S.K.: 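Sharing a structure with you now.
Predicted model, so just to flag it, every value in this text is computed and none were measured. Hydrogens, waters and symmetry mates are skipped; everything else that's a heavy atom, side chains included, is used.
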Amino acid sequence: MSTSSAAVTPERIMKFTWSYVPPLVLEAAIRHRVFDVLDAGPKTVKETAEATGASERGLRIIMNVLVGLEFLAKVDAGRYALTPESAAFLVSTKPGFQGGILTHASRQLIPKWLKLTEIVGTGKPEAAVNQQGAGVEFFQQFVTDIFPMSYPSAKVLAEHLQLKGDAKVLDLAAGSGVWGIALAQSSPGVTVTAVDWADVLPATQATVGRFGLTDRYTFVGGDLLEADFGHGHNVALLGHILHSEGEARSRKLLKKTFDALAPGATIAIGEFLVEDDRSGPLGSLFFAANMLVNTDEGDTFSFAEISAWLKQAGFVDARLLDAPGPAPLVLATKS
């Protein structure tokens with residue numbers, strides 16, 4: 001009987017050795033406006049250099065990397081063109097632009113990861129972004145750039161909820177305001193109470209203002225466990241906040257949210273959900289490590305875990321809603 005099996009090679013490990021290259025090349029291309037310039041039509045390296053002011057050598061090398069990554073394509077006469085993917089998501093003037101988070105890679109995200117070995121040893125980061133102070137500075141720069149990542153999911157949620165009449169929405173850790181904005185856009189009777197740190201709220205207010213929704217918003221500054229949520233809300237939004245709060249604070253937050261809602265209200269939670277045994281999905285496992293690097297107690301959680309916390313807080317009918325993004329949304333009802 002044959003016991004042969006595929007040969008084990010170090011090829012995958014060698015690929016990981018250079019895995020920092022793609023996000024940094026993408027960041028450089030975005031900062032030098034490569035995708036924006038090529039959106040007008042294919043160009044040579046020389047033409048791209050003239051349009052961006054970057055060096056021909058630098059552009060030639062990173063543009064060839066982008067060809068290898070299939071974010072650019074080589075066409076006739078040595079010209080480079082966008083691919084459908086980069087045309088849709090890497091041109092900064094388009095509504096689907098997803099490059100905002102990449103512009104934070106070298107200056108905000110990766111430097112923290114360089115301390116990972118020490119953080120694994122202590123279990124704590126040098127500075128936690130879920131604490132006011134360092135966290136305020138981080139999120140002031142960050143929340144607006146990640147708006148496009150959540151907007152499609154928020155629109156799906158708005159379509160699902162079909163809010164009518166004078167619906168009151170509570171948007172917790174509102175950030176850019178993306179979740180509340182989508183619900184406010186769905187019906188003229190929707191009003192939103194947006195809660196976040198006082199120094200982050202100017203970013204929320206600016207985005208809400210760009211959508212012309214300021215007159216339907218109330219802004220409340222403070223820590224989530226201390227701020228006044230008000231009462232009688234019909235919907236509560238927790239868009240990607242539990243992972244940075246950690247289990248203990250998340251349980252308290254869900255109970256406080258329950259108390260602020262009207263009977264029959266819906267809570268909607270966006271998260272990087274993991275399988276019960278934490279074997280995947282890989283993106284959510286990566287994000288758990290990101291929480292190790294950036295927060296004092298943060299993690300990613302399973303639907304079963306969040307469902308149990310919701311039940312303990314008094315919610316019923318925990319369920320999933322398919323939506324664009326890293327995972328389905330978690331919904332539950334206040335009975």
S.K.: Please determine whether residues W309 and V316 belong to a single hydrophobic cluster, defined as Ile, Leu, Val, Met, Phe, Trp and Tyr linked transitively by side-chain heavy-atom distances below 4.5 Å.
M.R.: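 Each belongs to a different hydrophobic cluster.
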
S.K.: Can you tell me if K124 has over 12 outside heavy atoms packed within less than 6.0 Å of its NZ?
M.R.: yes

S.K.: Determine yes or no for a side-chain-to-main-chain donor-acceptor pair under 3.5 angstrom, with T17 supplying the side chain and I13 the backbone.
M.R.: yes

S.K.: Taking atom CG as the centre, does D259 end up with more than 12 heavy-atom neighbours from other residues, nucleotides or ligands that are less than 6.0 angstrom away?
M.R.: yes

S.K.: With side chain to side chain donor-acceptor pair (under 3.5 Å) as the criterion, how do N290 and K112 come out once you've worked through the C-alpha distance, each side chain's angles and the decisive distance to 0.1 Å?
M.R.: CA-CA 9 Å; N290 189 49; K112 297 174 182 292; over 6 Å; no

S.K.: For L237 and G180, work out which heavy atoms get closest and say how close.
M.R.: CD1-N, 3.6 Å

S.K.: Would a 4.5 Å heavy-atom cut-off, applied to side chains only, mark V208 and V192 as touching?
M.R.: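 Of all side-chain heavy-atom pairs linking V192 with V208, none is under 4.5 Å.
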
S.K.: The test is side-chain contact (heavy atoms from CB on, under 4.5 Å); show your working for K255 and F315 and say whether it passes.
M.R.: CA-CA 9 Å; K255 176 57 179 169; F315 291 97; over 6 Å; no

S.K.: Could you pull out the closest heavy-atom pair between L183 and A154, with the gap in Å?
M.R.: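 Nearest pair, atom of L183 first, then A154: CD1-O, 4.1 Å.
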
S.K.: Give, for atom CG of L161 and atom OG of S187, the distance between the pair rounded to the nearest 0.5 Å.
M.R.: 11.5 Å

S.K.: Looking at OG of S92 and CG of D36, how far apart are the two atoms once the value is rounded to the nearest 0.5 Å?
M.R.: 3.0 Å

S.K.: Rounded to the nearest 0.5 Å, how far does CZ of F286 lie from CZ of F272?
M.R.: 12.5 Å

S.K.: Would you check if L310 and I269 make a side-chain contact, meaning some heavy-atom pair closer than 4.5 Å?
M.R.: yes

S.K.: May I ask you to check whether Y217 and F211 place their ring centres under 6.0 Å from each other?
M.R.: no

S.K.: Short question: side chain of Q98, backbone of P148 - any donor-acceptor pair under 3.5 Å?
M.R.: yes

S.K.: Are I146 and H240 close enough that some pair of their side-chain heavy atoms sits under 4.5 Å apart?
M.R.: no

S.K.: Please report the interatomic distance OG(S186) to CD1(I181), rounded to the nearest 0.5 Å.
M.R.: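 One gets 12.5 Å once the value is rounded to the nearest 0.5 Å.
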
S.K.: Test side-chain contact (heavy atoms from CB on, under 4.5 Å) on K74 and N64; report intermediate values, then the result.
M.R.: CA-CA 9 Å; K74 287 187 177 181; N64 285 336; 3.1 Å; yes

S.K.: State plainly whether one hydrophobic cluster holds both I110 and W18, where clusters connect Ile, Leu, Val, Met, Phe, Trp and Tyr through side-chain heavy atoms under 4.5 angstrom apart.
M.R.: yes

S.K.: Any link between F89 and L82 through a network of hydrophobic side chains (Ile, Leu, Val, Met, Phe, Trp, Tyr) touching at under 4.5 Å?
M.R.: no

S.K.: Only counting residues at least two apart or in another chain, list the ones meeting salt bridge (Lys or Arg N to Asp or Glu O under 4.0 Å) with E70.
M.R.: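 E70 satisfies salt bridge (Lys or Arg N to Asp or Glu O under 4.0 Å) with no residue once adjacent residues are dropped.
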
S.K.: Does the pair L109 and I101 meet the rule for a side-chain contact (heavy atoms from CB on, under 4.5 Å), with working shown?
M.R.: CA-CA 9 Å; L109 301 178; I101 191 170; 4.2 Å; yes

S.K.: I'd like to know whether NZ of K94 has more than 12 heavy-atom contacts from other residues, nucleotides or ligands below 6.0 angstrom.
M.R.: yes

S.K.: Before giving the answer on side-chain contact (heavy atoms from CB on, under 4.5 Å), spell out for M291 and S244 the whole-Å C-alpha distance, their side-chain angles and the decisive distance to 0.1 Å.
M.R.: CA-CA 6 Å; M291 290 298 93; S244 61; 4.1 Å; yes

S.K.: Report yes if some heavy atom in the side chain of V235 is under 4.5 Å from a heavy atom in the side chain of W179; otherwise report no.
M.R.: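 Sidechains of W179 and V235: no contact.
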
S.K.: Hey, quick one: are V65 and Y20 part of the same hydrophobic cluster, counting side-chain heavy atoms closer than 4.5 Å, chains of contacts allowed?
M.R.: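 V65 and Y20: one cluster.
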
S.K.: Could you tell me the separation between the CD atom of Q205 and the OG1 atom of T214, rounded to the nearest 0.5 Å?
M.R.: 8.0 Å

S.K.: Strictly below 4.0 Å, N to O, side chains only: are K43 and E47 in salt-bridge contact?
M.R.: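 Salt bridge absent between K43 and E47.
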
S.K.: How about K155 and Q185: do any of their side-chain heavy atoms sit closer than 4.5 Å?
M.R.: yes

S.K.: Looking at K168, is its backbone amide N or carbonyl O close enough to the side chain of N234 to form a donor-acceptor pair, meaning the two atoms are under 3.5 Å apart?
M.R.: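 Looks like yes, one N/O pair under 3.5 Å.
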
S.K.: Kindly check if the number of other-residue, nucleotide or ligand heavy atoms within 6.0 Å of CD (E56) is above 12?
M.R.: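 Enclosed.
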
S.K.: Going by heavy atoms in the side chains, are L273 and I306 under 4.5 Å from each other?
M.R.: yes

S.K.: Would you call D223-R249 a salt bridge at under 4.0 Å N-O?
M.R.: yes

S.K.: Under the rule for side chain to side chain contact (heavy atoms under 4.5 Å, CB included), what residues qualify as partners of K256, not counting sequence neighbours?
M.R.: F229

S.K.: Just wondering, do E85 and L90 contact through their side chains at under 4.5 Å, heavy atoms?
M.R.: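 L90 vs E85: side chains apart.
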
S.K.: Would you give the length of the straight line joining atom OH of Y80 to atom CZ of R60, rounded to the nearest 0.5 angstrom?
M.R.: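 It is 8.0 Å, given to the nearest 0.5 Å.
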
S.K.: Holding to salt bridge (Lys or Arg N to Asp or Glu O under 4.0 Å), I want the full list of residues that pass it with E27, two or more places apart in sequence or in another chain.
M.R.: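 Only R31 meet the salt bridge (Lys or Arg N to Asp or Glu O under 4.0 Å) criterion with E27.
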
S.K.: Closest approach of A227 and G221, non-hydrogen atoms and distance?
M.R.: CB-O, 4.4 Å

S.K.: May I ask you to list the residues sharing a hydrophobic cluster with V293, side-chain cutoff 4.5 Å, ordered by chain and number?
M.R.: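 W113, L116, I119, V120, L292, all in the cluster of V293.
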
S.K.: Quick one: salt bridge (Lys or Arg N to Asp or Glu O under 4.0 Å) partners of D276, sequence neighbours excluded?
M.R.: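 Checked D276 against salt bridge (Lys or Arg N to Asp or Glu O under 4.0 Å); zero matches.
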
S.K.: May I ask you to decide if G175's main-chain N or O and D196's side chain share a donor-acceptor pair within less than 3.5 Å?
M.R.: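 Yes; at least one donor-acceptor contact below 3.5 Å.
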
S.K.: With a cut-off of 6.0 Å (strictly less than), are more than 12 heavy atoms of other residues, nucleotides or ligands near CD of Q162?
M.R.: yes

S.K.: Nearest heavy-atom pair of D228 and G230: which atoms, and what distance?
M.R.: OD1-N, 2.9 Å

S.K.: Using the side chain to side chain donor-acceptor pair (under 3.5 Å) rule, collect all pairs that involve residues 323-335, keeping only residues at least two apart or in two chains.
M.R.: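 Only R319-T333 qualify under side chain to side chain donor-acceptor pair (under 3.5 Å).
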
S.K.: Do you know the tightest heavy-atom contact between L170 and A260?
M.R.: CD2-CB, 4.2 Å

S.K.: Might you point out which heavy atoms bring V75 and A81 nearest each other, and give the distance in Å?
M.R.: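 It is CG1-CB, 4.1 Å.
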
S.K.: Side chains of E271 and V330: does their closest heavy-atom pair fall under 4.5 Å?
M.R.: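 No, every pair of side-chain atoms sits at 4.5 Å or beyond.
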
S.K.: Treating Ile, Leu, Val, Met, Phe, Trp and Tyr as nodes and any side-chain heavy-atom pair under 4.5 angstrom as an edge, say whether V21 and I62 lie in one connected cluster.
M.R.: yes

S.K.: Kindly say whether L242 contributes a backbone atom to a donor-acceptor pair with the side chain of S250 at under 3.5 angstrom?
M.R.: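 Judged by distance alone, yes, a pair lies under 3.5 Å.
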
